[in-house]
Protein chains: 2
Amino acid sequence: MSEKTLKHKEVIVIQDILGSNKKIAAEIRSKLEARGILTVNVMSSPGAGKTTLLEKLADRLKSGYRMAVIEGDIETERDAERIRAKGVPAWQITTGGACHLEAKMVARILPELPKELDFLFIENVGNLVCPAGYELGERLRCVLLSVPEGEDKPKKYPKVFMTSDCLILTKADLIPYLPYDREKVKKEALELNPRLKVFVTSAVTGQGFDELVDFFIASLRRPPHA
Amino acid sequence: MSEKTLKHKEVIVIQDILGSNKKIAAEIRSKLEARGILTVNVMSSPGAGKTTLLEKLADRLKSGYRMAVIEGDIETERDAERIRAKGVPAWQITTGGACHLEAKMVARILPELPKELDFLFIENVGNLVCPAGYELGERLRCVLLSVPEGEDKPKKYPKVFMTSDCLILTKADLIPYLPYDREKVKKEALELNPRLKVFVTSAVTGQGFDELVDFFIASLRRPPHA
């Protein structure tokens, strides 16, 4: 098979997958919106602090709101166990090698979700590239970028920043120990996507969590596409 | 098209790509080995410090050895510019969305490489998942894992650790500010791959670089597959 033929087939298959994914994502979105659930797709590099963020959100949200989490990972149940330890129901999807979650994986969990629910957080596989191309039925997309990852990531990995609603800078407590200009990161991200809401957070000091929780609660109350 | 058909086609196409990639990688390897070049595929999450590591290696290697770098990124020439600023020839491959380098991308650079060369470092796209599946013609595969990414990454992203020759823990200067047990990370990585050579490094303090440079020089002198 020539390289040209291969490329052509590859493109068609990828378009089929994306088209099929988009359709399933739309069905998920429609079901979850009808139930008044705010669904958030949480994306980042490995180790940027997605699970820690969800643990801290659980501490702040679980007394007043009903929250559930779907965890995506290549392997292990570790992240779902961490969330369950917070008293929040969590489902682990292990992709067994796949570099992102797809809507069909999320669809399989839907029948198991609690009947009454306010927030559904979906933690994607740790990967700043592939998850950006796949909708999962979410209303909000949040990308985390940790301070130690450096200032230059938005323009090097643009798609995830261009398709997100909020950018959560994490591990801000490490700023004193690193050459890091948070205004530069914000500026670069906002140049790609001016509608990004930016939060500067630290799970160690609690910085930025009041604003972030307020944002999620306000988003829950706001009807979709308002 | 049914999901079943789609999956089947998807598998065939991916196998075609991998098979074709393996063949091109073998050709590259054969050419580079014949010229006595040590080629190293450098992989990690975004922001783990691949380019900084290569900058520091350039400082230490360039007086006694001939070194070149191929940089892989989704977008921007930034990394190649950083390497060139060290007086080392560098080529930037921008994948325009693709989440890993493939051998055919590297093959296009080969005719441009200096005639006399000792080390060729290939910095992959920042991604702990996808690059693991694609050989690029390298003799050594090195995976970087930064301290702030946490202790639990080897078993969550096993393939890159299982297929690598060395694990370079980076940003060790941040250990005092984080809950981090480096012995735990080493143990988990070595359980997956007992032949991994592990280096604990900091580009800030220079920790671990003597050992790492010695390792690359020893690998250069050792015939392949010895």
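Labels below follow one simple rule: chain letters A, B, ... track the order of the sequence lines, proteins then strands, and each chain is numbered from 1.
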Checked A:A48, A:P148, A:G150 vs chain B; the most non-hydrogen pairs under 4.5 Å come from A:P148
Would you mind checking which part of [X] comes under 4.5 Å of any heavy atom in chain A, side chain (CB onward), backbone (N, CA, C, O), both or neither?
{"X": "B:P46", "answer": "both"}
{"X": "B:K155", "answer": "both"}
{"X": "B:N127", "answer": "side chain"}

Rounded to the nearest 0.5 Å, what separates atom NZ in A:K153 from atom OG1 in B:T76? 9.0 Å
A:E149 side, atom CD; B:K171 side, atom NZ - distance, nearest 0.5 Å: 7.5 Å
Contact between B:V129 and A:V129 at the side-chain level, heavy atoms closer than 4.5 Å - yes or no? no
Is it the case that more than 12 heavy atoms not belonging to B:K62 sit under 6.0 Å from its NZ atom? yes
If you count heavy atoms of other groups shown closer than 6.0 angstrom to NZ of B:K86, is the number above 12? yes
Give a yes or no on whether a salt bridge exists between B:E123 and A:K156, defined as a side-chain N under 4.0 angstrom from a carboxylate O. no
If one checks every heavy atom of A:D152 against chain B at 4.5 Å, the contacting part turns out to be both
Could you tell me which of B:V204, B:L145, B:D79 has the largest number of non-hydrogen atom pairs under 4.5 Å with chain A? B:D79
